[in-house]
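In each ligand, atom 1 is the first atom listed, and ligand 1 is the first ligand listed. All residue numbers in this chain count up from 1 along the given sequence.
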Amino acid sequence: MEKKLFPTQASDYDLLEEIGRGAFAVVYRAICKPLNQTVAVKCLDLDSCNSNLTNVYAEAQLMSLVDHPNIIKSYCSFIVDHFLWVVMPYMDGGSCLHIMKIRYPEGLPEPMIAVILKETLKGLDYLHRQQQIHRDVKAGNILIDTSGAVKLGDFGTSACMFNRGDRERCRKTVTGSPCWMAPEMLEERYGADIWSFGITALELAHGHAPFSKFPPQKVLLMTLTSAAPCLNPDKDKNFSKGFKDVVNLCLNKEPSKRPTTEKLLKLSYFKQTKFNSTLVQKLLNGLGPLWEREKILRDKDAALLASKKSAFLQEEEKSRNEYKRGVSCWNFDIESLKDEAATIHDDDTSVVSEIDPVSVNAPNQDEVVLREGGEVRQRLILNKIYFRKPFEREPQQFGRFGVFDGDLELESPGWHVVRPVKNSEDARLPTIDEDKGRTGSTEKGLDNFDSPTSSLIMDGPAGDHLKRYEDDKEYKRTILSLEQKYKDNPLSSRYDSAVQSRDAELREMDPGLLPSKSGVSCAPASNLAPQLKTLLLQTAKQYEVLADLLRIASPGEAMSMPLCTMHSEGPSGQCSEVSNLALEPDLNTRHQIHELQIKIASLTHELTFVKQRNMQLERQLNALYNKQEEERIKQEAEKY
Ligand SMILES: Nc1ncnc2c1ncn2[C@@H]1O[C@H](COP(=O)(O)OP(=O)(O)OP(=O)(O)O)[C@@H](O)[C@H]1O
């Protein structure tokens with residue numbers, strides 16, 4: 001028969017419907033225009049390919065040299081942009097997997113399996129005799145057509161996509177699909193194809209491969225560590241002994257003990273199986289065109305994926321909105337943020353879903369350890385996950401004027417708000433009180449450290465130390481316990497009330513000295529004094545927290561060093577009780593205390609500086625506004 005010459009230009013092909021999709025390729029039904037022949041064109045994305053172009057091309061050429069009725073050969077192949085187009089016979093029945101998904105989700109009847117397996121085995125035998133390994137034998141690669149032909153597809157291309165196209169080197173790399181992959185995996189001998197053949201037999205019998213519900217890495221692990229899969233003695237009673245023997249022979253974990261294709265073909269099971277095109281055709285009876293079936297399956301998969309994703313996306317959307325609302329401007333409602341945060345669930349499916357299910361264990365209620373290959377990959381503290389996002393800087397509203405951050409010309413570190421947002425428990429944790437800073441009012445502007453667990457941190461070296469504590473598991477635990485403790489702690493409430501009374505004091509000040517809501521008034525620099533006092537009080541409170549933290553961190557050690565080096569005074573004029581703690585830190589702890597003190601001092605300094613600058617600007621703006629107002633009044637007076 002005269003060999004047809006297939007053109008190697010994209011323009012000679014009309015790509016019609018999509019008929020399949022693999023990891024690296026999309027397969028189309030196409031018309032070869034000069035020959036007026038329906039073909040299948042597989043478009044492999046070379047960008048996702050590890051191989052160099054020459055090797056990929058060589059591998060594709062090899063596919064065209066194949067000549068066996070049970071192996072799909074390629075008519076030709078060529079490069080189009082970053083795709084390799086492989087032109088091959090169009091198998092209008094599609095793959096066995098495709099057919100099972102549509103019509104036989106529980107698996108095929110044994111007589112059909114026997115015919116399909118025997119045809120596949122003949123193709124595999126041919127390849128092995130040519131000293132070629134297929135490496136991706138599976139139901140998805142066994143294609144049938146309406147004439148009843150059964151062909152093993154995907155020879156060559158899968159290998160070249162996974163590897164450098166060099167078959168010698170390929171023998172040392174992991175290729176193929178995990179479910180069908182043999183335990184020896186890296187030693188690619190013909191036995192690997194036999195193992196895959198045995199798995200394919202189970203796949204055809206059950207409608208899915210063993211372990212198929214697990215993620216790829218898990219499948220590989222299970223293939224190596226579990227006993228070889230086999231038919232279920234209870235559920236699979238209806239299968240013949242001959243079929244069971246084939247499965248057991250192929251699925252021997254010792255590669256050298258697996259039969260060769262030649263031996264398998266000699267088994268009475270295969271000898272008795274005669275090719276029966278009608279039986280194969282029966283599989284397709286009443287099924288619509290391949291591309292329509294393909295579309296149904298694709299839509300179904302997409303819907304399934306969407307339903308799985310939507311729950312996660314909803315959570316994510318919520319979180320994103322909350323973040324936007326919460327940190328993109330100074331003007332937000334902290335209470336509603338907290339309420340919303342309380343509704344956000346803690347199950348971060350994006351993390352957990354990627355993790356091997358059996359590798360997730362929970363040694364205690366609070367902690368989930370995610371392991372991968374026995375290694376601890378991540379520890380999640382349930383209900384105590386913090387988001388840390390950059391604080392976007394928006395104009396702050398000062399009276400009538402928007403003061404932009406850039407106007408301050410400060411070399412201030414970038415402020416971050418560490419806001420617990422995950423669940424109700426975290427929502428209870430206090431946050432920096434942005435609400436108070438909203439109006440920029442002097443009486444509240446410095447009242448950021450409103451509780452022991454407020455977390456205003458800085459970028460750069462000054463902030464790093466505090467961040468380290470924030471990230472620390474123990475620290476978070478301690479914070480929670482402290483939070484509980486501070487609820488009833490008289491010391492804490494005394495300090496809270498101290499701060500509150502200072503606030504009240506400020507509020508009682510001559511309103512003319514404080515910026516009014518309209519922002520017309522001026523704030524003299526002397527107003528800073530009470531604020532600085534407030535700040536000192538808060539700093540003292542922080543010392544107290546730190547002392548508590550350190551005590552908890554090293555409960556056996558009593559510390560004698562007075563922590564209150566800044567002489568912060570409470571309302572009664574006494575030094576904070578922090579100073580009275582009989583604490584005896586070791587050298588390390590002392591160093592940490594020292595570092596923290598420096599950080600706090602620099603933080604305090606920074607706050608004061610920003611505040612002063614803000615007030616200065618506010619005064620300038622107010623003066624400007626007053627001038628404008630005067631002019632306006634003058635103009636109006638002139639009118640009358
Ligand atoms: N010649 C063909 N005729 C008809 N359908 C085909 C043909 N070749 C492939 N297909 C269909 O396209 C699907 C995708 O093929 P492809 O070889 O890219 O992927 P796969 O082998 O299933 O996946 P992977 O290569 O990622 O393991 C096949 O499962 C099959 O349904």
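Ligand 1 has no N or O atom lying under 3.5 Å from any N or O atom of Phe24, backbone or side chain. At least one N/O-N/O distance between Gly140 and ligand 1 falls below 3.5 Å. Here's the thing with Tyr90: none of its N/O atoms is less than 3.5 angstrom from an N/O atom of ligand 1. The distance criterion of under 3.5 Å between nitrogen or oxygen atoms is met by Ala23 with respect to ligand 1. Residue Leu143 has no nitrogen or oxygen atom sitting less than 3.5 Å from a nitrogen or oxygen atom of ligand 1, judged on distance alone. Checked against a 3.5 angstrom limit, the closest N/O atoms of His98 and ligand 1 fall outside it.
In terms of heavy-atom proximity, Ile72 sits nearest to Pro89 at CG2-CD, 3.8 Å. The two atoms that bring Leu251 and Pro229 nearest to each other are CD1-O, 3.2 Å, heavy atoms only. Between Pro7 and Pro34, the closest heavy-atom pair is CG-CG, 3.8 Å.
Within the structure, side-chain hydrogen bond (donor to acceptor under 3.5 Å, both in side chains) contacts touching residues 20-36 (residues at least two apart or in different chains) are Glu17-Arg29, Glu18-Arg21.
Taking CD of Glu292 as the start and CD1 of Ile19 as the end, the distance is 13.5 Å to the nearest 0.5 Å.
A search for ring pair (Phe, Tyr, Trp, His ring centres under 6.0 Å) contacts involving Phe83 returns nothing, not counting sequence neighbours.
Contacts of Met88 with ligand 1, taken as heavy-atom pairs under 4.0 Å, involve the side chain alone.
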